Amino acid sequence: QKEVEQNSGPLSVPEGAIASLNCTYSDRVSQSFFWYRQYSGKSPELIMSIYSNGDKEDGRFTAQLNKASQYVSLLIRDSQPSDSATYLCAVYSSASKIIFGSGTRLSIRP
Amino acid sequence: DTGVSQDPRHKITKRGQNVTFRCDPISEHNRLYWYRQTLGQGPEFLTYFQNEAQLEKSRLLSDRFSAERPKGSFSTLEIQRTEQGDSAMYLCASRRGGDEQFFGPGTRLTVL
């Protein structure tokens, strides 16, 4: 079992719709959770961080965390073509390092 | 631009040669990380520094790899006797304490 798992996609969503990205993790003592966006050939760019159960909203982005289910999600409202990218889920483990999932490719179709 | 810089941005080398990459973190960030990323995968943790101390080292990091962070400022990652399997994007990231981690632009290594 991978430490951080994501569906590789591609996930295709029409412009203006909500894109929903999911991530599960295995280390129950994980404390901090991050979503990064990565365009092809570029380095990851931090979008959201979440530390406690529930929802956290920032503009069109909402991160959701459920520690009991070991599940993190990212919702993107009013999806735009510029949102087309790979989204990486990252989990701060107990060993002072951040573990990344393999990423989900998101494609927003006009 | 996150404030983390890496040099060079691209490196092409022949198998068996040594290469060295540099990372300059955001100045007030005491934690520095090196990752390797190949196509279709997320970044894989290589090593982690808190100030000048190397606190974690992945088992992915063979003895051909070495990293330093003298004086707790910039860091270097050296790969000796490069192999074609070392071709990847090498990413550096920094963070202050438990805050978010910010990535540099990466160094793309191609081993011929």
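Excluded from the calculations below are hydrogen atoms, water molecules and symmetry mates; all remaining heavy atoms, backbone and side chain alike, are included. Naming convention: chains lettered A, B, ... in sequence-line order (proteins, then strands); numbering from 1 in each chain. All figures in this text were calculated on a predicted structure; none of them were measured in a lab.
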Checklist entry - How far apart are the C-alpha atoms of B:Gln101 and A:Tyr36, what are their side-chain angles, what is the distance that settles it, and do they pass the side-chain contact (heavy atoms from CB on, under 4.5 Å) test? => result CA-CA 10 Å; B:Gln101 187 181 69; A:Tyr36 286 83; 3.4 Å; yes
Checklist entry - Can you list the steps and then say if A:Phe100 with B:Phe103 is a ring pair (Phe, Tyr, Trp, His ring centres under 6.0 Å)? => result CA-CA 13 Å; A:Phe100 284 82; B:Phe103 282 88; 5.8 Å; yes
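- In the hydrophobic clustering of this structure, A:Ile50 groups with A:Phe61; members are Ile, Leu, Val, Met, Phe, Trp, Tyr whose side-chain heavy atoms approach within less than 4.5 Å, directly or through other members.
- Side-chain atoms of A:Leu88 and B:Pro43, non-hydrogen and from C-beta on, do get closer than 4.5 Å to each other.
- Other residues, nucleotides and ligands contribute more than 12 heavy atoms inside 6.0 Å of the CZ atom of B:Arg64.
- Of the listed residues B:Glu44, B:Gln41, B:Glu100, the one with more heavy-atom pairs under 4.5 angstrom with chain A than any other is B:Glu100.
- Here A:Pro44 is the residue among A:Cys89, A:Pro44, A:Ser32, A:Gly101 with the most heavy-atom pairs under 4.5 Å with chain B.
- Between A:Ile98 and B:Phe45 there is no side-chain heavy-atom pair separated by less than 4.5 Å.
- Annotation for A:Lys56: atom NZ counts as buried by contact number, over 12 foreign heavy atoms lying within 6.0 Å.
- Within 6.0 Å of CD on B:Glu68 lie no more than 12 heavy atoms contributed by other residues, nucleotides or ligands.
- Other residues, nucleotides and ligands place no more than 12 heavy atoms under 6.0 Å from the CD1 atom of B:Ile12.
- Using a 4.5 Å cut-off between side-chain heavy atoms of Ile, Leu, Val, Met, Phe, Trp and Tyr, with links allowed through other members, A:Trp35 and A:Leu75 fall into different hydrophobic clusters.
- Here the straight-line distance linking atom CD of B:Gln37 with atom OG of A:Ser43 works out to 9.0 Å at 0.5 Å rounding.
- There is no contact between B:Gln50 and chain A, counting heavy-atom distances below 4.5 Å.
- In B:Leu112, the CG atom is crowded: over 12 heavy atoms of neighbouring residues, nucleotides or ligands sit closer than 6.0 Å.
- For A:Gln38, the part sitting under 4.5 Å from any heavy atom of chain B is the side chain, from C-beta outward, and nothing else.
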